[in-house]
Each structure stands twice: as C-alpha cells, then as structure tokens.
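Shown next, in structure tokens, is the structure this report addresses.
Convention: sequence-line order gives letters A, B, ...; per-chain numbering from 1.
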2 protein chains.
Amino acid sequence: MRTRSDQLGSPRLLRVMNERLLLDHLLVRGPASRADLAKITGLSKPTVSAALAGMEDSGLVHLAGEVLGRPGPVTSLYDVTAGAAHIGAVDIGRDWIRVAVADLRGRFVGRKDGRNAAKNSEDLVSRVRELAQAAAGQAGLPWTSVITAVVGSPGVYDKDADRMIFAPNLPGWEGSGLGDRLRTALGVDVTIENDINLAALGEHAYGAGHGIANFALVSIGTGVGMGIVVNGELYVGARGAAGEVSFLPAPEPVPADDDTLRHGLTESLAAAPGVVRAARAAGLHLDTAKEVFTAAAEGDPAALEVVHAEGRRIGGLIVAVASVLDPELVVLTGGVGHNLALLGDAITSRFAELGPLRPRVVASTLGDSGVLLGAVARALSQAWDHIFDLRQSGVQPRQSGVQYGMSR
Amino acid sequence: MRTRSDQLGSPRLLRVMNERLLLDHLLVRGPASRADLAKITGLSKPTVSAALAGMEDSGLVHLAGEVLGRPGPVTSLYDVTAGAAHIGAVDIGRDWIRVAVADLRGRFVGRKDGRNAAKNSEDLVSRVRELAQAAAGQAGLPWTSVITAVVGSPGVYDKDADRMIFAPNLPGWEGSGLGDRLRTALGVDVTIENDINLAALGEHAYGAGHGIANFALVSIGTGVGMGIVVNGELYVGARGAAGEVSFLPAPEPVPADDDTLRHGLTESLAAAPGVVRAARAAGLHLDTAKEVFTAAAEGDPAALEVVHAEGRRIGGLIVAVASVLDPELVVLTGGVGHNLALLGDAITSRFAELGPLRPRVVASTLGDSGVLLGAVARALSQAWDHIFDLRQSGVQPRQSGVQYGMSR
DNA sequence: ATTAGTTCGTCAGGAGAGCGAACTAATGTC
DNA sequence: GACATTAGTTCGCTCTCCTGACGAACTAAT
C-alpha cells in the first residue's frame, strides 16, 4: 500500500487515496453523480467535486451523461475514461501466441493471435513484436501508447538472473537476458509471469473465482500446474515457483521411465501423456487425451475406467493442495481438467476417502483466454499504480514525459 | 490497511500513519531523538515533534534519556512506553496450559504454566482464568488491565459456529460457545487461533523465521501440522484449515488400522506414534519416539534405520509443501521435528530424488514457548490496531472508557 | 401560473496536518 | 572568544478535508 514516493505522509497522499477510492467505485459500479459518490464513499460533497475535477483535468474521468426528469438540477454523471491509457497482454504458449491491447476498464480493444513456430528466443521475441503492433493497429493506436505490458509464459521467471527456468517446451527460452530483450523489442515496461499464475488471476478478476479471496486454479493438460490467489492477490512464493505441483510426490508408484525423473512425479501420472499411457495399458488404441475423453463420453467402458482413475488422481492432488492451502474454491482448467463433467464423480469419490477437506471444485469459465485476461488484470493494477504514483508526486500530465492521458 | 473508522481520508489519518511510522522505528531501533527520527523516516522535524508530543500525551512514548557531549543542545531521546498497555497470551496444550502477560514491546512481565487436567471445557476455561490472574499478579497488574488476549489451541476454530473442530485431544473442546465462554471468563477481547499457526507467527516475530516474508513451520510430534506465513502475515485459508497436512495423502501404503481413517494419512505415518510403530516393527522394544531418537543418537543401527526412514518421510512432506508454497524457509519443530541433526541427511537425500524444489530447512529456535510467543505477536498487532483506531477516531485517553494508558 | 418541495453542486469558513526556512540555544573546537 | 555544529521550536504557507449554508434547477401539486 505504501507507495515509494518522496512524500510519505503529506496531504497530497489523502487526495490520491480519495481519488483512487472514487475511481474504484466508478470502475465497479459504472457512471455516477458527485452526490452518489459522496454517499457511497462517505466523503463530503466538496471533496468529491475537487477530486473529480482533478482527475478530469488529467483525463482519467469525464462527463458521461446527464439525468433529467428528477427534481433538482440536471445531474451530471461521471465515468472513467477507459481510453485514457492502454495496456498490453501477451500469452506465449507452446503452439500459440496471443496478444491483446486493453483499455483501462480491461476491455480488449485489439487482439491478434498467431502460431508459435519460433525455433529460438530471438524469433519468438520478434514474433511477439509483430503481433503486438498488429493488435495495437486494430485498435487504431500505435503500440507505443501502451503503458505497460504483462507477458505470460510457461516456466518460472527468475528476476535476478533475468531468465526462465522450468520451461522445456519453448526452444531457447531458458537463455538469459529474456526480460531485457522483451523490453527492448516492445519498448515498454514488461512484466513476465508464469502463465498458469496469470490464468488464476484472470479467473479471479473475470471468471469463476470472481470475488473469492482465496482460491487455487489447477491446470491439467500437457503438464500440471497451479496458480494461487491469496487475499485477492497472486501468490508466487519465494522464487516464483509456488504452485509447481508437477513436483508433488505422487501417491502411487510411478512407471520407471526416464521421463519420470525429468518431468517430476505427479505430472507424469496426471497430465495428458499419463492419460494416454493409461489408455494404452487398458488396450485402447488412442493417441491423445482428448480422444480418451471423447470415447468415455460415448460410453466406452475402458475409457470410462481410465477417466475414472484420472479423476481419482486429480482428486488426490486437490486434497493435497487443500491440506496445505484450504482454498475456498478450486478452479479446474487445461485440456484434461476442463472435462469436469466426466471427472467430477471420481474426484468427489476420492475426496470421501481422504478426509474432511473438500473444497468446492468448478471448471474454468475463461478457457483459452484465461491467461490473457490474467495478464490484463495484472497490467491494469500496475497501470493504476503507475498513474497514481505520478499523480501523487505532482507531475502534471501535460508537462510529463510519460503520456497517460489522451492528447486531449 | 484501511481502517474501519468513520473518517476515511481525513487529515487525522495522516497523523495516525506518521505516528505509527515513528513508533515502528522506536520499537525496532530503540530510543531515538527527534532529529534521528526525522532523518530516518523522512518526515520534517516539526512533524516529528508534534507527533511525539501527541503520543507522549497519551502515554505511548516518553522521554527515555539524554545525550550530552556533542555540539548543540542536549539531545532528548524518546522511547516507547512499553508498560502503557498489556496483552495476554495463552497456549492450551494437551498436557500443559501456559499463560503470559506481555508489555507493548512483547516482553513477558508475568507467566504462569499449569498442568491441563481438565475433563471438560468448563474446567479448562476456569483453569485458564486462574492462570491468567496469577500471571497478571506476577506483573503486579490486575488481569483487567489486559487489552486483548490471544489463545492458541490444537484444532481449527470455526468463528461462525463459535466452536473448535479437529481437536480430538482436548475433552469437551469441540462444543459450541467456546469463544463466548473464554471471553466471559477472561473479561477481554479474545482471539482463538490454531496453536501451530501461532508457533509459525512466533518464529516469524522472534525466531528462526525472523525477517522472512514467506515460510512455513512444520510441526511433527504427537500429530503433524503446519503454519504458514505469507507476506509477513499468517495465512489461515478459507476456513482456517490451511496447513492441516495431517490430511495430505501419504506417498506410501498405510497400515490398515482403524486409526488411519480417523487420523488422516500423512499423520499416521510421520507423527510420533508412527515412529514407535516403525521401531517396534524393526524389533526395537521402545515406547516413545524420544527413546527411538536417543537410541539413534547412541548409534543403535536399527534405530538409525527407523530415524532415516522417518527423515525420508519428512523430506517428502516438505517437498509436497514446497511444490505448493515455494517457501523461502521451512522451520521444523515438535517432539520429532526438532531432531533435525539426526534427520537432516535423510531429508536432503529425499530432496535429491524428488526434483529441484529444496527449501532451506532449519530447526525451531523457540521450542516450547513458540506458541506463546506467537500469541504475543498476534495480540500485539491487534493491540496496536486497537490503540491507533481509537487515536484516529479522536478518543481522548483520559476520558475514554477503554483504558490503554497507565493511569499515570 | 404559482408555489412548495427536492436535489445537485458550490461557496465560505474553520480546523488539522505537513513542510521549509529562519531562529534560538547549547555545546565543542580552534 | 569567535566560529561551527547540532537539536529543537516558531512562523508562515500550502494542502486537504469537513460542516453548514446557499444558489439553482427541476418536479409536482394546487
């Protein structure tokens, strides 16, 4: 909460806090009059007026309408100027790269997806730049008008060494200087975060975890991962590796492949390749986890058996997580995880065996866009901090080198 | 951060924030002059003077000395008046009840331990009251001068239902109305918290976890439990059951006793009874875990083998925890856990097999007093919030019904 | 058409808080 | 004894907020 501004406890801090309070209400509840805001926030009417005037000067809010037909003067409604600044969101996946530009309300104003065929990190970075500029173009903006960008990627980003670790699926991605290269290519402030962590944040801001302060998102697809939201904020642990449940010791014997040591333990059982392996062992001639689930949905007994066993594994994983975190809710996602309808019974049957810790489990509501939406949520909170930091230190928007208002 | 006072962003908030800032520095760095404080905090000299004057009026700080022998006027040193208020800390264990009264700096000014021979919760509550009054008496205070008390107990406290759950070791403890009864018996604000959670908090405030924002304390003794500190604060999960790792699915087959279902899974293997069972199975005629560790320390090969296996189980547990939380540090405690010297090699050998997540592991430095010290830390932070809430709402200490200053 | 009532927003006055700069006073140093 | 150094205060100014009064505008009822 404490900003790193020069002035710690000066009167301007009050103004900034109150401005932020008003803005929060406008963001959540939509346009409102000064009188409404005074009632809602508990601030006095003059204070509300002054704060709104200040924000109007810097282009953060604007007159958004009037209400007639009531006793008294015409009521002016203020609203957030969503287009006063824009942020970038990037989702780098194994097969796809997705880039979006969003306004201050978090709505996409431009979006561009592209295949990821990069052979090394240079290719990948320049591909991201292309897509970023295309996405900005869709919104009729130059990419340079983006204040800050958040990039989601598999793996754990080591800030000190400026490199990615645990990201074997992206060629060349584990080299150093990654953040620098992205920053240079995109020309803006860039934050790198694990993709599944961002998906959890997205689910918190816009999806199944909305309004829930403590929950975990468990993703089961090509790999196994988890993102954790604690007290409404992303929890990443001491080195950013929180939620790397692929390394959770598995509760059943692991087939002794070479795989198991490199890819951890739970992962090799519960992730998609484990499902395929189990299906083969059951005599099914199927190549992907998706096919297994389709077969199960059609009633194939062997596939149902495989899915049931998978559900029990997931149930065990969730209980393990719940015994540590006691989340209010667990959101399931990923190529395997999103089949909650087929897995649900097996998961709850496993819960029953493992004691009283039974968090509510629901499927993700955001699907493919979860990571991107999480990146938006994260970038927005950074953008607000940035904007209000400038306001607190008294920088006038017109004179400032950093542009965050529209040019009128 | 946001207090629930009437006045949200009034100028008084600034004063309270700055007073708190000054007080924090005095608590951490000891007595200081106004000029020192101005330099350290970045506040102006007049502001520091005014804030100190205000706090001196309400008895929170006082002149604590002078510095001569330097150019300029005699320097007055201010310090926190530790005795301006007192808090209570209670540790209810299966065998012992410990009660302490501490001053605002967290130092015990009175302490009384007593055996827990209570047959039901009424007995227990009145025993706590006896000990509380005795502890206050030691400090020459009436127990009523205690502002707030924090009670640590095994189990999970369900605030809504006002009852304890998962506390099979304390007879009658799971009945409802527990908080009410404690509040009535002690006559103060009472907070109930799981004992191991408090031990984690104690370790954070005064022990091995000092200054570490993200860590977990794992206790292995009669049972298995964990307390989690996230961002410097206790994390208890959605229903207060975070860290109930006794329900973590065990990675090895569990002997099929009736026990196992009732006491969870990891617990029945890793806790003290599991060690004794393993020792018996190895042909050792020993009755307690302590005897097993003593035998191992003397070089008994069978006991060493049992201890090694136990260390590997603990290592697995820690990796499971680390794969979810990625803590910077894991503190081990409890009758079994504190034998880190004997267990360490086995733990690290297990780490090596289970992947790259290897948190630093250290033994608790607080021992038996950990829970009590955690209760002190928790009660102190509540006391400060309480004191400054009053100050912000403008209550004058002398007129106030709530006394938090000494009566002069 | 007039009047009463309601509501939005501003104005004016007062108080609390913070800061910088000048100032006082005490002490050491040359 | 002159000068530098330092702690703390006083003063003037700015910023912020709040309360209460007020003006303006619009509806609804007579």
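Phosphate proximity of dC19(C) to Ser44(B): present, with a side-chain N or O under 4.0 Å from OP1 or OP2. Taking 4.0 angstrom as the limit, Arg70(B) places none of its side-chain polar atoms (N or O) nearer than this to OP1 or OP2 of dT5(D). Taking 4.0 angstrom as the limit, Thr75(A) places none of its side-chain polar atoms (N or O) nearer than this to OP1 or OP2 of dT7(C). For dG18(C), the OP1/OP2 oxygens have a side-chain nitrogen or oxygen of Arg15(B) closer than 4.0 Å. Taking only side-chain nitrogens and oxygens, Asn18(B) comes nearer than 4.0 Å to OP1 or OP2 of dG18(C). Taking side-chain N and O atoms only, Ser10(A) has no distance below 4.0 Å to OP1 or OP2 of dG18(C).
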What donor-acceptor contacts under 3.5 angstrom involve side-chain atoms of residues 230-238 of chain B, with partners at least two apart or in another chain?
residue, atom, partner, partner atom, Å
Tyr235(B), OH, Leu325(A), O, 2.9

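Annotation: salt bridge (charged side-chain N to carboxylate O under 4.0 Å, His left out) contacts of Arg378(B) (sequence neighbours excluded): Glu193(B). Taking Arg29(B) as the reference, nothing meets the salt bridge (charged side-chain N to carboxylate O under 4.0 Å, His left out) condition, with sequence neighbours excluded. Contacts of Arg15(B) classified as salt bridge (charged side-chain N to carboxylate O under 4.0 Å, His left out), with partners at least two apart in sequence or in another chain: none.
Between Thr75(B) and Glu66(B), the side chains place no donor N or O within less than 3.5 Å of an acceptor N or O (distance only, hydrogens not considered).
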(request) Map every base of DNA chain D to its dot-bracket character, where paired means a Watson-Crick or G-U wobble contact with both distances under 3.5 Å and | marks a partner outside the strand. (result) ||||||||||||||||||||||||||||||

Detail all sub-3.5 Å separations between protein N/O atoms and N/O atoms belonging to nucleotides 9-12 of chain D.
residue, atom, partner, partner atom, Å
dT9(D), OP2, Ser49(B), OG, 2.6

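Taking the side chain as every heavy atom from C-beta outward, Leu37(A) and Leu43(A) never approach each other to under 4.5 Å.
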